[in-house]
Amino acid sequence: MNIGNRQKVASCIEDIGTDINQLSQSFYRHLLQDNPELSRIFSGNTATLNRKFFNMLAALKNVKYLEKIEASIHQLGERHGRQYAVLSEHFMPTKKALMMALEEHLGDGFTTPLRQAWDDVFDEVADLMKKAVSQARHRDDDSLALTGYDGNLLQAIGGEEVVLRIHQRFYETIFEEPWLGKFFRGKHETTLARKQTEFMVAAFGGENHYRGDTPAFVHMHMLITLEQLEAREVILRNAIGEEGLSEEIVERWIKVDRGFWAGLVKASEGECVLKCFGQYPVVAKKPGDYIFPSIRPSKLPDD
Ligand code: HEM
Ligand code: HEM
């Protein structure tokens, strides 16, 4: 473990900032030129590929807390093996392409110490992930093949403004909700609606403007149960239905959303991962008189 190296990589990622899509394109050019067989795993249009690349860097940025987030990195490795069909031997060519892209992008700024830092940090994370990858068997059945992505959905929904409107409605309800609302105390409703919109727009095939952490990391310290995810889903369904979108679109949206559940759901408080000193697990106890939300029929556009 070398804290200095982790810090260097995290700051380097911060500095890349909005140039990340350029770096992403250079990464895929190197990766797919040298390993054309990986295009089966890294499929999709430029926006999709940029999102996947962004996710990888977002996870590497969290390496500052690697000892704290080991369990979460292990689960990330499991998802790579089981859902994305990644094998242990794919990590080396991925690192090589990343290093070439960084060299191309940073030029003289990619100094020997910085190169060494990236090399070490990638290996540190990859070694943890690989342990889980080699244990997980790729399963191609429907329930596990959900990858949180539907490349044509944004257009079918009617664009980003519609997604934002739905999220504003969704958060308005959830902030007031007697059970799930407990998670959101002290949070900023408008900011969350915007961030959730940026995140989902990328998952629906639009440009990726989301610059936060991946959902698995954002919710690491929250004890989120399957029942809570199901209650949230009803609220989300109602918020989408209210917009007058067809049942088919509601189902496609929900399918993308469920693609992220595996990284969030926990069975006990012990599975919560705390990133820093002073943080505590967020647990929302169900009120005794709680009434599970019910699905309202979708509102028709001319209602
Ligand atoms: C240190 C190395 C890596 C890190 C930190 C990393 C991180 C991530 C993260 C955070 C995600 C977002 C989805 C989730 O949380 O489950 C992701 C998605 C993905 N990763 Fe990786 N990854 C790494 C290496 C690899 C390698 C070696 C491959 C294959 C060659 C790969 C292929 C994918 C694919 C295909 C997805 C997209 C799933 C989708 O949204 O369709 N990753 N990665
Ligand atoms: C019952 C389930 C869930 C609960 C209780 C929950 C709760 C929260 C809370 C409290 C935050 C604010 C975090 C902070 O500012 O510190 C947040 C942020 C967020 N959540 Fe969730 N969430 C749930 C499910 C999901 C799902 C399924 C997704 C993905 C589809 C998701 C995506 C996000 C995103 C993208 C953010 C913004 C992160 C950022 O600040 O950059 N959440 N969530």
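As the structure is a computational prediction, the values presented were derived from the model and not from experiment. Both ligands and their constituent atoms are indexed starting at 1 by order of listing.
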Would you say ligand 1 has an N or O under 3.5 Å from any N or O of Arg79?
yes
I'd like to know if Met100 and Phe27 are part of one continuous hydrophobic network [Ile/Leu/Val/Met/Phe/Trp/Tyr, side-chain heavy atoms within less than 4.5 Å].
no
Which segment of Ala216 sits under 4.0 Å of ligand 1 when only heavy atoms are counted:
neither
Any heavy atom of Asn55 under 4.0 Å from ligand 1? The part involved is both
Measuring from atom 12 (C) of ligand 2, which candidate in Leu236, Leu192, Leu264 has the nearest non-hydrogen atom?
Leu192
Is there any N or O on Trp261 that sits under 3.5 Å from an N or O of ligand 2?
no
Contact region, Lys52 to ligand 1, non-hydrogen atoms below 4.0 Å, reads side chain
For ligand 1, note which part of Gln83 has a heavy atom under 4.0 Å away: side chain, backbone, both or neither.
neither
For Arg51, atoms of ligand 1 separated by under 4.0 Å from a heavy atom
40 (O)
Which of the ligand 1 atoms, numbered from 1, are nearer than 4.0 Å to a heavy atom of His90:
27 (C), 30 (C)
Tell me the protein heavy atom at minimum distance from atom 39 (C) of ligand 2, and give that distance in Å.
Lys195 CD, 3.4 Å
Give the numbers and elements of all ligand 1 atoms closer than 4.0 Å to a heavy atom of Ala59.
5 (C), 10 (C)
Taking only heavy atoms of Phe122 into account, list the atoms of ligand 1 that are under 4.0 Å away from them.
1 (C), 2 (C)
Please assess Glu198 against Arg211 for the test salt bridge (charged side-chain N to carboxylate O under 4.0 Å, His left out), listing each intermediate value before the final yes or no.
CA-CA 8 Å; Glu198 287 169 355; Arg211 292 286 172 262; over 6 Å; no
As an exercise, identify every atom of ligand 2 less than 4.0 angstrom from a heavy atom of Phe199.
35 (C)
Looking only at N/O atoms, are Gln228 and ligand 2 under 3.5 Å apart anywhere?
no
Under 4.0 Å from a heavy atom of Met129: which atoms of ligand 1 are those, numbered in the order shown and with their elements?
1 (C), 2 (C), 3 (C), 4 (C), 5 (C), 6 (C), 22 (N), 23 (C)
Test item: side-chain donor near acceptor, Gln116 and Asp120, under 3.5 Å
yes
Atom 7 (C) of ligand 2: which protein heavy atom is closest, and how many Å away?
Phe184 CZ, 3.3 Å
Which option wins on minimum heavy-atom distance to atom 3 (C) of ligand 2: Ile235, Val218, Ile224?
Ile224
Over 12 non-hydrogen atoms of neighbours within 6.0 angstrom of CD in Glu37:
yes
Below 4.0 angstrom, N of the basic side chain to O of the carboxylate: do Lys95 and Asp119 qualify?
yes
Shortest protein contact, atom 2 (C) of ligand 2 (heavy atom only)
Arg232 CD, 3.3 Å
How does Val86 reach ligand 1, if at all, at less than 4.0 Å between non-hydrogen atoms: by side chain, backbone, both, or neither?
side chain
Is there any N or O on Asp257 that sits under 3.5 Å from an N or O of ligand 2?
no
Atom 31 (C) of ligand 2: of His219, Arg258, His221, Arg185, the nearest heavy atom sits on His219
Are Lys182 and Glu177 ion-paired here, with the side-chain N under 4.0 Å from a carboxylate O?
no
Return the option from Tyr84, Phe91, Phe260 holding the heavy atom at the smallest distance from atom 14 (C) of ligand 1.
Tyr84
For ligand 1, indicate whether the residue Leu76 contacts it via side chain, backbone, both or neither (heavy-atom separation under 4.0 Å).
side chain
Between Glu247 and Arg237, does any side-chain N to carboxylate O distance fall below 4.0 Å?
no
Give a yes or no on whether a salt bridge exists between Glu104 and Arg29, defined as a side-chain N under 4.0 angstrom from a carboxylate O.
yes
Go through the side-chain N and O atoms of Asn45 and Thr48 and say whether any donor and acceptor fall under 3.5 Å apart.
yes
With distance as the sole criterion, is a donor-acceptor pair present between the side chains of Tyr171 and Gln196 under 3.5 Å?
yes
Test your reading of the structure: does Thr214 have an N or O sitting under 3.5 Å from an N or O of ligand 1?
no
Ring centroids only, cut at 6.0 angstrom: are Trp253 and His167 within range, meaning strictly under it?
yes
For atom 21 (Fe) of ligand 1, what is the closest N, O or S atom on His80?
NE2
Geometric class of the Tyr290/Trp179 ring pair [parallel <30°, tilted 30-60°, perpendicular >60°]:
perpendicular
Would you call Arg232 and Asp257 a salt bridge, using N to O less than 4.0 angstrom?
yes
When you measure from atom 10 (C) of ligand 2 to every protein heavy atom, which one gives the shortest distance, and what is it?
Phe183 O, 3.3 Å
Proximal atoms of ligand 2 relative to Gly212 (non-hydrogen, under 4.0 Å)
41 (O)
Logged contact type for Met56 with ligand 1, heavy-atom cut-off 4.0 Å, is both
Which ligand 1 atoms does Phe42 reach within 4.0 Å, using its non-hydrogen atoms?
28 (C), 29 (C), 30 (C), 31 (C), 32 (C), 33 (C)
Please list the nearest protein heavy atom to atom 33 (C) of ligand 2 with its residue and the distance rounded to 0.1 Å.
Gln196 OE1, 3.1 Å
Short side-chain donor-acceptor distance under 3.5 Å, Thr214 and Asn55
no
Using a strict cut-off of 4.0 Å, indicate which atoms of ligand 1 neighbour a heavy atom of Ile41.
35 (C)
min-distance protein heavy atom vs atom 38 (C) of ligand 2 -> Tyr210 OH, 3.3 Å
Looking at NZ of Lys61 and CD of Glu14, how far apart are the two atoms once the value is rounded to the nearest 0.5 Å?
4.5 Å
Would you say Lys187 has any N or O atom under 3.5 Å from an N or O of ligand 2, going by distance alone?
yes
What about Phe175 and Phe183, are their ring centers closer than 6.0 Å?
no
Nearest 0.5 Å, please: how far is CG in Leu66 from OG in Ser72?
10.0 Å
Euclidean distance, His219 NE2 relative to Phe260 CZ, rounded to 0.5 Å:
11.0 Å
